[in-house]
Amino acid sequence: MSPGPAARHQVVVVGAGPHGLASAAYLQAAGVDVAVFGRPLSFWREHMPAGMLLRSSAKASSIAHPGRRHMIEDWAREQGREVRYPFPIEDWIDYASWFQRALVPQVDPRSVTEVERRGEGFVTRLEDGEEVESGRVVVAAGIAPFAWYPEALRGLPETLVSHSVDHRDLAAVARGSVAVLGRGQSAVESAALLRERGADVELIGRSGVLWLGTVPDGGSVPVARSARLRGLGARAPIPYPPTEVGGRQTGWASAFPNAFRRMPAWAQDYATRYALRPAAAHWLVERMRDAEITTGVTVQSAEPVGDRLRLRLTDGSERTVDHLLLATGYRVDVAGYPFLGRDLLESVQRMGGQPVLRRGMEASVPGLHFVGAPAALSFGPVMRFVVGTWYCGPTVARGIAGGRQPLFARAY
């Protein structure tokens with residue numbers, strides 16, 4: 001029997017995380033026929049550890065949507081829930097699932113196995129072989145494929161070395177002695193969770209932990225000397241941006257993605273490095289008060305010794321542990337998306353693996369859009385956070401359906 005005709009939509013969205021859901025919500029509101037594929041919130045459900053707390057406030061963790069009627073506060077009021085700070089991951093997943101059911105109920109959970117160009121549009125092939133044609137494709141497939149393993153630590157048994165992205169429940173490795181490599185939020189919180197599950201933990205990082213403080217409304221911000229407004233005859237502090245990404249000055253540069261993409265490369269690089277520097281929330285201080293933290297070093301090499309792992313650090317010292325957990329972050333390279341074929345990838349202009357995007361978050365391949373972390377090169381570090389959906393959602397919709405581009409990643 002020959003296959004039936006392919007389904008046809010104006011836009012296909014690959015991925016149903018925050019950026020994919022926001023893009024779909026705005027596209028639908030603009031009257032665009034959109035299909036969304038992927039298990040809803042799979043990264044958050046399958047790759048974030050149970051018991052994790054969000055570093056950003058609930059206000060900065062709401063997913064973008066037209067009308068602003070599906071904020072976390074609306075979920076809490078409707079469900080009779082409390083908006084806690086810090087906000088538990090389990091509560092956020094419950095909120096985001098409520099959001100998806102209300103605004104993007106048509107999500108198809110089938111995985112996408114291939115996206116290829118065909119004529120003036122695209123064909124998206126699904127896990128069961130079905131093909132879907134569309135004029136445009138929005139790639140919102142998340143960061144799981146970009147987990148970074150230092151060269152010296154690749155190829156080792158998964159029972160001895162794993163990345164934080166591998167664990168929905170850290171209880172699987174919370175036994176005996178565990179070394180955690182990193183010094184950002186993921187590293188410090190993973191170390192705290194492992195200690196609370198009974199493991200003997202050592203946190204290893206190149207430098208000390210930068211702790212984040214608080215602002216009056218509960219949002220987390222870097223503890224640093226206040227920047228001052230100059231030439232106004234007063235010494236009023238520059239406020240932190242409501243996006244909660246970056247510092248008092250670099251944060252405002254990042255909060256305007258449409259302006260960020262027009263900044264000189266050196267300014268973009270500075271703002272990005274500052275906004276994404278490793279740091280941990282202040283509420284982890286007490287949980288890590290008596291923890292063993294080794295700074296000024298990193299792991300130079302590792303080798304299995306029986307059912308344990310011997311680590312050599314850059315200061316020449318050694319450790320023998322039961323497990324090494326890498327909280328070494330993510331390095332975006334869209335070649336890591338298995339559904340993007342070679343021919344399509346070769347047509348996408350990239351820098352260091354990241355696509356170079358223009359108006360509407362459109363790549364050099366007409367009709368192909370990237371949102372989320374892959375958009376950070378062109379539109380700034382807010383793209384790596386949920387708050388970035390407040391820019392990407394309307395931007396993609398207006399880039400496809402027409403209209404002026406938003407300037408500010410602003411939810412409130």
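We number each residue from 1, following the sequence as shown. All figures in this text were calculated on a predicted structure; none of them were measured in a lab. These numbers come from the heavy atoms of this one structure, side chains and all, not from hydrogens, waters or symmetry mates.
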Chemist: Would a 4.5 Å heavy-atom cut-off, applied to side chains only, mark T243 and Y391 as touching?
Modeler: no
Chemist: Looking at every heavy atom in both A279 and L212, which two are closest together, and how far apart are they?
Modeler: CB-CD2, 3.8 Å
Chemist: Is the shortest side-chain N to carboxylate O distance from E130 to R110 below 4.0 Å?
Modeler: yes
Chemist: May I ask you to decide if P381's main-chain N or O and T272's side chain share a donor-acceptor pair within less than 3.5 Å?
Modeler: no
Chemist: Do W75 and D94 have side-chain atoms, one donor and one acceptor, less than 3.5 Å apart?
Modeler: yes
Chemist: Please give me the minimum heavy-atom distance between M383 and M361, naming the atom from each residue.
Modeler: SD-CE, 3.2 Å
Chemist: Within the side chain of E114, is there an N or O that forms a donor-acceptor pair under 3.5 Å with the backbone of R125?
Modeler: no
Chemist: Looking only at non-hydrogen atoms, find the nearest pair between L345 and A335 and report the distance.
Modeler: CD1-CA, 3.7 Å
Chemist: Do other residues, nucleotides or ligands put more than 12 heavy atoms under 6.0 Å from the CD atom of E318?
Modeler: yes
Chemist: CD1/I204 to CG/L324 distance, rounded to the nearest 0.5 angstrom?
Modeler: 7.0 Å
Chemist: With distance as the sole test, does R262 use its side chain to make a donor-acceptor pair with the main-chain N or O of N258 at under 3.5 Å?
Modeler: yes
Chemist: Show your working on side-chain contact (heavy atoms from CB on, under 4.5 Å) between F260 and V382 and close with a plain yes or no.
Modeler: CA-CA 10 Å; F260 180 93; V382 294; over 6 Å; no
Chemist: Kindly indicate whether the side chain of F256, heavy atoms from C-beta on, has any atom under 4.5 Å from the side chain of P241.
Modeler: no
Chemist: Looking at every heavy atom in both V107 and P40, which two are closest together, and how far apart are they?
Modeler: CG1-CG, 3.8 Å
Chemist: Around atom CD of Q106, are there more than 12 heavy atoms from other residues, nucleotides or ligands closer than 6.0 Å?
Modeler: yes
Chemist: Mark yes or no for whether H369, through its side chain, and R136, through its backbone, hold a donor-acceptor pair below 3.5 Å.
Modeler: no
Chemist: Do the non-hydrogen side-chain atoms of S301 and R312 ever get within less than 4.5 Å of each other?
Modeler: yes
Chemist: Parallel, tilted or perpendicular, judged at 30° and 60°: which one describes the rings of H163 and Y149?
Modeler: tilted
Chemist: Mind checking what makes side-chain hydrogen bond (donor to acceptor under 3.5 Å, both in side chains) contact with R319, not counting sequence neighbours?
Modeler: E202, S317
Chemist: For the residue pair Y337 and F339, does the interplanar ring angle fall in the parallel (under 30°), tilted (30 to 60°) or perpendicular (over 60°) class?
Modeler: parallel
Chemist: Working note: Q185 + L284, criterion side-chain contact (heavy atoms from CB on, under 4.5 Å); need CA distance, chi angles, decisive distance, verdict.
Modeler: CA-CA 9 Å; Q185 179 73 14; L284 283 166; 3.7 Å; yes
Chemist: Would E151 and R154 pass as an ion pair if we require N to O under 4.0 Å?
Modeler: yes
Chemist: For S61 and L54, which heavy atoms make the closest approach, and how far apart are they?
Modeler: OG-CD2, 3.5 Å
Chemist: As an exercise, state the distance from OG1 of T124 to CZ of F37, rounded to the nearest 0.5 Å.
Modeler: 7.0 Å
Chemist: Between Y95 (side chain) and I63 (backbone), is there a donor-acceptor pair under 3.5 Å?
Modeler: yes
Chemist: Does a side-chain N-to-carboxylate-O contact under 4.0 Å join R55 and E244?
Modeler: no
Chemist: Find the distance between CG (L326) and OG (S162) and round it off to the nearest 0.5 Å.
Modeler: 7.0 Å
Chemist: Classify the side-chain pair S177/R308 by whether it contains a donor and acceptor separated by less than 3.5 Å.
Modeler: yes
Chemist: Looking at every heavy atom in both L203 and A191, which two are closest together, and how far apart are they?
Modeler: CD1-CB, 4.4 Å
Chemist: Side chain of H323, backbone of A174: donor and acceptor closer than 3.5 Å?
Modeler: no
Chemist: Is any side-chain heavy atom of F385 less than 4.5 Å from a side-chain heavy atom of S56?
Modeler: no
Chemist: Say whether, by atom type as modelled, one donor and one acceptor occur between the side chain of Y26 and the main chain of H65 under 3.5 angstrom.
Modeler: yes
Chemist: When you compare the side chain of L313 with that of T298, does any pair of heavy atoms fall below 4.5 Å?
Modeler: no
Chemist: Any luck finding a side-chain donor-acceptor pair between S97 and R45 under 3.5 Å?
Modeler: yes
Chemist: Out of curiosity, K59 NZ to I72 CD1, how far, rounded to the nearest 0.5 Å?
Modeler: 11.5 Å
Chemist: Can you tell me how the ring of H70 sits relative to the ring of F99, calling it parallel under 30°, perpendicular over 60° and tilted otherwise?
Modeler: perpendicular
Chemist: Ignoring hydrogens and geometry, is there a side-chain-to-backbone donor-acceptor pair from T328 to W148 under 3.5 Å?
Modeler: yes
Chemist: Hey, could you give me each pair passing side-chain hydrogen bond (donor to acceptor under 3.5 Å, both in side chains) that has a residue in residues 340-351? Not counting sequence neighbours.
Modeler: none
Chemist: Is a side-chain N or O of S23 found less than 3.5 angstrom from the main chain of H19, in a donor-acceptor match?
Modeler: yes
Chemist: Check the pair L41, L21 against side-chain contact (heavy atoms from CB on, under 4.5 Å), reporting the backbone distance first and the verdict last.
Modeler: CA-CA 9 Å; L41 307 163; L21 294 175; 4.2 Å; yes
Chemist: Scan the side chains in residues 8-17 for donor-acceptor partners under 3.5 Å anywhere in the protein, sequence neighbours excluded, and list what turns up.
Modeler:
| unit_1 | atom_1 | unit_2 | atom_2 | d |
| --- | --- | --- | --- | --- |
| H9 | ND1 | D33 | OD1 | 3.2 |
| H9 | ND1 | D33 | OD2 | 3.3 |
| Q10 | OE1 | D33 | N | 2.7 |

Chemist: With side-chain contact (heavy atoms from CB on, under 4.5 Å) as the criterion, how do F43 and V165 come out once you've worked through the C-alpha distance, each side chain's angles and the decisive distance to 0.1 Å?
Modeler: CA-CA 9 Å; F43 179 81; V165 76; 3.7 Å; yes
Chemist: If you define the side chain from C-beta out and look only at heavy atoms, does anything of W390 sit under 4.5 Å from R68?
Modeler: yes
Chemist: Report yes if some heavy atom in the side chain of L181 is under 4.5 Å from a heavy atom in the side chain of L153; otherwise report no.
Modeler: yes
Chemist: Test your reading of the model: is there a side-chain donor-acceptor pair from R175 to the backbone of A172, 3.5 Å cut-off?
Modeler: yes
Chemist: Should we count CZ of R206 as having more than 12 external heavy atoms under 6.0 Å?
Modeler: no
Chemist: Quick one: does R197's side chain get under 4.5 Å of D169's, heavy atoms only?
Modeler: yes
